[in-house]
Amino acid sequence: MPRLGVNIDHIATLREIRHGIEPDPAFAALIVQAAGADSIVVHLREDRRHIKERDLRILKEVVKIKLNLEMSTNDDVVKIACEIKPDQATLVPEKRQEITTEGGLDVAINFKKIKEVLRKLKQQGIAASLFIDPDKKQIDAAKRAGVKMIELHTGRYADAKGDKEQDQYFKELESAVNYAKDKGLAVFAGHGLNYYNVARVAKIKGIEELNIGYSIVCRATLVGLERAVRQMKLLI
Ligand code: PXP
């Protein structure tokens, strides 16, 4: 059974809609941790649209399970990561206008910059992973860059239209997992996984960890709604 990393970015997205103080991602992280998750994942985006530097500092203090920071190779974010020292950093591509991380890193094209960031992270004792598409070329480049672990982007599988397309992207994912395992890499996966499409991916032998965010936060708003209304009624 793969480990579960829970991405809590969208707890902070809800907070930022009102620029307020709730819901607090640190509070959420402690609930996620108590519920049995294996790691907490946050993405400190360059535009700070959800998680802020302060959140990361507080999470580093309160989270006892693995804290995995998704980050771009931007100098400003690398500096913060090296200072706060999460347990793991996952390098992801980042475009300002995107709604979510659209694809994996192009490791081959950005090789020099990625190597430089990996060196800085290593100096600080931060384990590093690269978020890449399930593609042999990217897996080869990740291996050349010297990482010990990668996270495969499951977006194509998750967004597939119809069974045939889903089967095709499932096979692509499965063969990428096998290819990366043969190269001696630890393999994680994530993006777009939800309560309907996760079981098949969780069964792929060799995937050590799944990172899931949006669908868990969405489900939380629904399964928690009844209690929230009852608590408000009591106060009124
Ligand atoms: N893994 C990585 C590297 C990501 O960038 C994201 C999205 O922030 C996820 C996993 C989780 O994706 P989702 O929110 O769609 O579950």
Side-chain angles (χ1 to χ4, degrees), residues 2-14 16 25 28-29 32 37-52 55-56 59 66-74 77 81 86-107 110 114 117-118 121 126-135 138-139 142 147 149-160 169 173 176-177 180 185-202 204 207-221:
R3 299 186 297 268
L4 172 64
V6 178
N7 179 311
I8 56 169
D9 289 349
H10 297 304
I11 297 288
T13 301
L14 267 183
E16 293 311 309
V32 167
D38 300 288
S39 53
I40 301 292
V41 188
V42 287
H43 185 173
L44 186 67
R45 281 188 166 266
E46 287 163 24
D47 63 9
R48 306 291 194 269
R49 69 168 82 147
H50 38 55
I51 294 292
K52 312 272 186 231
D55 296 321
L56 185 61
L59 289 169
K66 177 169 85 171
L67 179 61
N68 176 4
L69 174 66
E70 292 177 10
M71 53 181 272
S72 71
T73 54
N74 175 287
V77 184
D87 303 292
Q88 183 188 317
T90 302
L91 299 187
V92 300
E94 197 174 303
K95 286 190 231 134
R96 264 183 193 244
Q97 299 311 322
E98 68 189 358
I99 294 173
T100 180
T101 314
E102 284 166 357
L105 267 180
D106 194 330
V107 187
N110 301 294
I114 289 170
V117 174
L118 290 175
L121 294 170
I126 304 166
S129 172
L130 301 178
F131 184 48
I132 57 176
D133 286 329
D135 176 314
Q138 295 302 335
I139 295 168
V147 287
M149 53 201 180
I150 55 168
E151 179 175 339
L152 295 176
H153 196 305
T154 50
R156 283 206 286 258
Y157 161 79
D159 296 338
Y169 290 127
L173 186 64
V177 173
L185 292 163
V187 182
F188 310 155
H191 207 282
L193 296 177
N194 60 35
Y195 293 82
Y196 309 100
N197 63 21
V198 74
R200 211 173 165 193
V201 174
I204 298 178
I207 295 187
E208 294 180 24
E209 182 179 290
L210 294 176
N211 290 311
I212 307 177
Y214 186 69
S215 67
I216 292 178
V217 174
C218 288
R219 179 64 65 105
T221 63

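Note that the numbering runs from 1 along the sequence shown for the chain. For ligands, and for the atoms within them, numbers begin at 1 and follow the listed sequence.
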Any atom of ligand 1 sitting under 4.0 Å from a heavy atom of H43? no
I'd like to know if S215 contacts ligand 1, where contact means a heavy-atom distance under 4.0 Å to any ligand atom. no
Show me which atoms of ligand 1 lie under 4.0 Å from any heavy atom of [X].
X	value
N7	8 (O)
V92	3 (C)
I212	16 (O)
N211	10 (C), 11 (C)
Y214	13 (P), 14 (O), 16 (O)

Of all residues at least two apart in sequence or in a different chain, which pass the side chain to side chain contact (heavy atoms under 4.5 Å, CB included) check with N197? Y157, A158, Q166, L193, N194
For A128, what residues pass the side chain to side chain contact (heavy atoms under 4.5 Å, CB included) criterion, not counting sequence neighbours? L118, L121
Which residue and non-hydrogen atom of the protein lie closest to [atom], and at what distance in Å?
atom	value
atom 16 (O) of ligand 1	G213 N, 2.8 Å
atom 12 (O) of ligand 1	H191 CA, 3.4 Å
atom 1 (N) of ligand 1	E151 OE2, 2.5 Å
atom 15 (O) of ligand 1	G192 N, 2.8 Å

Relative to ligand 1, is F131 under 4.0 angstrom through side chain, backbone, both or neither, heavy atoms considered? side chain
Under 30°, 30 to 60°, or over 60°: which ring-plane class applies to F131 and H153, parallel, tilted or perpendicular? parallel
Give a yes or no answer on whether the side chain of Q138 reaches the backbone of V107 with a donor-acceptor pair at less than 3.5 Å. yes
Could you pull out, from H10, E70, E94, the option with a heavy atom nearest to atom 4 (C) of ligand 1? E70
Is a salt bridge present between K52 and E16, judged by a nitrogen-to-oxygen distance below 4.0 Å? yes
State plainly whether the residues K95 and E46 are in salt-bridge range, i.e. N to O under 4.0 Å. no
Begin with the C-alpha distance, continue with both residues' side-chain angles, and end with the deciding distance and a verdict on salt bridge (Lys or Arg N to Asp or Glu O under 4.0 Å) for R45 and E70. CA-CA 8 Å; R45 281 188 166 266; E70 292 177 10; over 6 Å; no
Atom pair CZ/CG of R49 and L44 - distance to nearest 0.5 Å: 12.0 Å
Apply side-chain hydrogen bond (donor to acceptor under 3.5 Å, both in side chains) to H43 and E94, showing your working. CA-CA 10 Å; H43 185 173; E94 197 174 303; 2.8 Å; yes
